[in-house]
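The first residue of the sequence shown is numbered 1, and numbering continues consecutively from there.
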Amino acid sequence: MEHSILKSIINILSRKAKKEELSEIDSKLLETFQKDEWQLKHGAQEDVKNRIQEAVDAEIKDKTIRPSFKNTVLKIAAVTIAAFFVGYLLMKQENKKTFTLSENHPSKVETPGLTTSDGAYKDLHTMKIGESFSNNKFTLVKSKAGVLRIESNDNSNEIIQINIKTAANENYIIELDDKSRVTLDVNSELSFPSRFVENSRIVATEGRAYFEVQTNPAKPFIVKSSKIEAIVTGTSFVFCSKKEEKTASISLVEGSLEIKGNNNSKKLKPGQKGHFSQSGIQILSFDEYETLAFTRNEFIFNDQPINEIMSVLSDWYNMEYSLTNINPEAFHFTLKIDRNKSIKEVLEIIEMTGDLQASIIGNKIIIGSKR
């Protein structure tokens with residue numbers, strides 16, 4: 001309770017209160033009863049006033065007490081109870097920070113790694129297995145190669161936003177504080193609060209990620225991007241939404257899921273893919289083994305043209321590419337390649353399976369015809 005309110009109550013009890021102090025008590029009482037949270041928690045205003053009146057009447061035995069002083073006691077009782085609960089509710093509201101990926105959030109920096117909304121940074125690539133990074137809000141532990149575990153500090157009332165951004169040729173499995181797991185692919189980012197509070201779990205992502213969400217019907221798990229969002233309670237799915245592309249998709253592996261985008265909403269069943277574009281959300285089927293290839297650190301290309309293949313490879317290896325005097329549709333490939341292979345090894349495989357030749361000049365891959 002505010003110090004000024006306490007002082008006013010003391011002055012009223014000692015009959016030293018000034019008019020402005022009485023007015024302050026009245027204003028505080030009115031303000032308190034006008035809050036929606038109060039009615040939701042304690043019932044209608046008139047019912048609350050009646051209960052306080054009954055409690056005061058039960059305690060007042062001296063019938064000689066002046067009615068005006070009795071009303072003052074009523075006011076004090078009301079404002080004391082009201083201020084306590086309002087203070088509690090406001091404290092809870094302060095702790096329940098809405099999660100949004102702000103334009104000014106450190107996730108907008110180009111440097112991959114971990115950043116936080118309070119200015120911290122950690123280069124994840126240089127972390128050794130068993131090494132940890134912590135502040136008073138959370139602790140991050142590199143428990144295995146490519147696996148990061150987040151542990152919140154339950155003693156901290158402040159909630160900050162954490163962002164993890166991957167570079168080319170880099171991906172991580174992130175174990176969130178609620179035991180959900182996120183496989184974050186190359187050139188992608190995931191933002192989340194240092195601690196999930198109240199009745200929801202909200203994260204934001206750009207790029208591609210595989211979510212394995214711990215079941216909690218009372219606390220829906222919501223994934224947001226600049227284009228779409230997924231709402232689940234416990235399920236697994238691939239979320240793909242890249243800033244530079246106009247489309248996005250969510251592929252449901254198991255469980256149930258609601259996809260939303262551009263004022264449209266669809267429910268997905270396992271094996272269904274929600275494909276978002278400006279025209280709406282289209283329900284398609286998908287190949288689960290192929291879709292989850294990145295979680296096994298594999299490239300899988302199923303009868304895809306060379307331009308689509310090179311787009312994926314250039315993204316992973318952080319290189320540019322050009323196709324010289326060839327029609328991409330004339331060169332389709334079906335390939336399965338370990339992503340741990342070097343770009344040179346991958347290009348040699350492509351050369352052996354078709355009529356193409358590849359060369360590397362600086363940071364650029366040049367694909368041409370052998371003919």
key: Test: K243 and E189 ion pair at under 4.0 Å   = yes
query = Between CG of N307 and OG of S314, what distance do you get to the nearest 0.5 Å?
reply = 10.5 Å
task = Not counting sequence neighbours, list each pair that qualifies as a salt bridge (charged side-chain N to carboxylate O under 4.0 Å, His left out) and has a residue in residues 120-134.
result = K122-E131
ask   = Going from CG on D338 to CZ on F299, what distance comes out if it is rounded to the nearest 0.5 angstrom?
value = 9.0 Å
message = Checking D185 now: which residues fulfil salt bridge (Lys or Arg N to Asp or Glu O under 4.0 Å) with it, not counting sequence neighbours?
response = R208, R339
key: Short N-O contact, D177 and R195, less than 4.0 angstrom   = no
query = Are more than 12 heavy atoms from other residues, nucleotides or ligands located less than 6.0 Å from atom CG of N340?
reply = yes
query = Do the side chain of S225 and the main chain of T205 share a donor and acceptor less than 3.5 angstrom apart?
reply = no
ask   = So which pairs with a foot in residues 355-370 pass salt bridge (charged side-chain N to carboxylate O under 4.0 Å, His left out), sequence neighbours left out?
value = D355-R371
remark   = Across all chains, not counting sequence neighbours, the salt bridge (Lys or Arg N to Asp or Glu O under 4.0 Å) partners of D287 are none
request  = Quick one: which residue pairs count as a salt bridge (charged side-chain N to carboxylate O under 4.0 Å, His left out) with a foot in residues 303-331, not counting sequence neighbours?
outcome  = none
query = Do K224 side-chain atoms and A204 backbone N/O form a donor-acceptor pair below 3.5 Å?
reply = no
key: S226 versus E206, side-chain donor and acceptor atoms under 3.5 Å   = yes
query = Which pair of non-hydrogen atoms, one from I259 and one from G274, has the smallest distance, and what is that distance?
reply = CD1-O, 3.8 Å
request  = Considering non-hydrogen atoms only, spot the tightest contact between I326 and S369 and give its length.
outcome  = CG2-N, 3.6 Å
task = Using the side-chain contact (heavy atoms from CB on, under 4.5 Å) rule, take F138 and I162 through it: C-alpha gap first, then chi angles, then the decisive distance, then the call.
result = CA-CA 9 Å; F138 73 97; I162 303 169; 3.7 Å; yes
key: side-chain contact (heavy atoms from CB on, under 4.5 Å) evaluation trace for V312 with F301   = CA-CA 10 Å; V312 172; F301 305 111; 4.0 Å; yes
ask   = Taking ILVMFWY side chains as joined if any heavy atoms are under 4.5 angstrom apart, and letting links pass through other members, which residues group with I366?
value = I361
ask   = Is K246 close to Q278 at the side-chain level, that is, under 4.5 Å between some pair of heavy atoms?
value = no
key: In one Ile/Leu/Val/Met/Phe/Trp/Tyr side-chain cluster, 4.5 Å: I309, I365   = yes
query = Can you tell me how far CD1 of I250 sits from CD1 of I228, rounded to the nearest 0.5 angstrom?
reply = 4.0 Å
key: Gap between atom CD1 of I202 and atom CD1 of I222 - 0.5 Å precision   = 4.5 Å
request  = Measure across G113 and Y121 and return the closest heavy-atom pair with its distance rounded to 0.1 Å.
outcome  = CA-CE1, 4.3 Å
ask   = Knowing that exactly one of V223, N216, V232 qualifies, which makes a side-chain contact (heavy atoms from CB on, under 4.5 Å) with R201?
value = N216
inquiry  = Does R296 qualify as a cation-pi partner of Y289, given the criterion of NZ or CZ under 6.0 Å from the six-membered ring centre and within 45 degrees of its axis?
reply    = yes
message = I'd like to check K137 versus N153 (side-chain heavy atoms, cut-off strictly below 4.5 Å). Are they in contact?
response = no
message = Just verifying a value: how many Å separate F192 CZ and I159 CD1, rounded to the nearest 0.5 Å?
response = 13.0 Å
task = Only counting residues at least two apart or in another chain, list the ones meeting salt bridge (Lys or Arg N to Asp or Glu O under 4.0 Å) with E175.
result = R181
key: Distance-only polar pair, side chains of S134 and S132, donor-acceptor under 3.5 Å   = no
inquiry  = Can you list, by chain and residue number, the hydrophobic cluster partners of V147 when the side-chain cut-off is 4.5 Å?
reply    = I173
query = Are any of the side-chain heavy atoms of F221 and T233 separated by less than 4.5 Å?
reply = no
message = Determine whether K273 and I283 satisfy the following criterion, side-chain contact (heavy atoms from CB on, under 4.5 Å), listing intermediate values before the conclusion.
response = CA-CA 6 Å; K273 172 181 179 179; I283 305 299; over 6 Å; no
query = Please walk me through it: do S191 and N163 pass side chain to side chain donor-acceptor pair (under 3.5 Å)?
reply = CA-CA 4 Å; S191 294; N163 184 82; 2.4 Å; yes
inquiry  = I'd like to check the salt bridge (Lys or Arg N to Asp or Glu O under 4.0 Å) partners of E151; sequence neighbours left out, ordered by chain and number.
reply    = R149
note = Scanning both residues in full, the closest heavy-atom pair of G362 with I360 reads O-CG2, 3.6 Å
key: Heavy-atom closest pair, residues V186 and N169   = CG2-N, 3.5 Å
inquiry  = Test your reading of the model: is there a side-chain donor-acceptor pair from D118 to the backbone of Q161, 3.5 Å cut-off?
reply    = no
inquiry  = Could you measure the distance from the CD1 atom of I231 to the OG atom of S200? Nearest 0.5 Å is fine.
reply    = 10.5 Å
task = Check whether I164 and I160 end up in the same hydrophobic cluster, where Ile, Leu, Val, Met, Phe, Trp and Tyr are linked by side-chain heavy atoms less than 4.5 Å apart.
result = yes
request  = Write down the atom of S152, the atom of S194, and the distance for their closest heavy-atom approach.
outcome  = CB-O, 3.0 Å
message = I want to check something: taking the side chain as every heavy atom from C-beta on, are L176 and V182 in contact at a cut-off of under 4.5 Å?
response = yes
key: Same apolar cluster (I L V M F W Y, side chains within < 4.5 Å links), F133/L124   = yes
Path from L252 to V238 over hydrophobic side-chain contacts below 4.5 Å = no
ask   = Do I367 and Y317 sit in the same hydrophobic cluster, where Ile, Leu, Val, Met, Phe, Trp and Tyr count as joined when their side-chain heavy atoms come under 4.5 Å apart?
value = yes
message = Between E288 and V253, is there a side-chain heavy-atom distance shorter than 4.5 Å?
response = yes
request  = Indicate yes or no: at least one non-hydrogen side-chain atom of I174 is less than 4.5 angstrom from one of I150.
outcome  = yes
task = Take L114 and L140 through the side-chain contact (heavy atoms from CB on, under 4.5 Å) test and state the conclusion after the steps.
result = CA-CA 10 Å; L114 178 144; L140 177 141; 3.3 Å; yes
key: Within-4.5 Å side-chain heavy-atom neighbours: I306 and L356   = yes
message = Quick one, S285 and Q272 - any side-chain contact, counting heavy atoms below 4.5 Å?
response = no
Please table the atom pairs, donor to acceptor, closer than 3.5 Å between any side-chain atom in residues 345-354 and protein atoms at least two apart or in another chain.
from, atom 1, to, atom 2, distance (Å)
E345, OE1, S342, N, 2.8
E345, OE1, S342, OG, 3.3
E351, OE2, A358, N, 2.8
T353, OG1, I349, O, 3.2
T353, OG1, I350, O, 3.0

request  = Quick one: which residue pairs count as a side-chain hydrogen bond (donor to acceptor under 3.5 Å, both in side chains) with a foot in residues 257-267, not counting sequence neighbours?
outcome  = E258-S265
query = Do any pairs count as a ring-ring contact (aromatic ring centres under 6.0 Å, His included) and have a residue in residues 223-280, sequence neighbours left out, and if so which ones?
reply = F211-F237
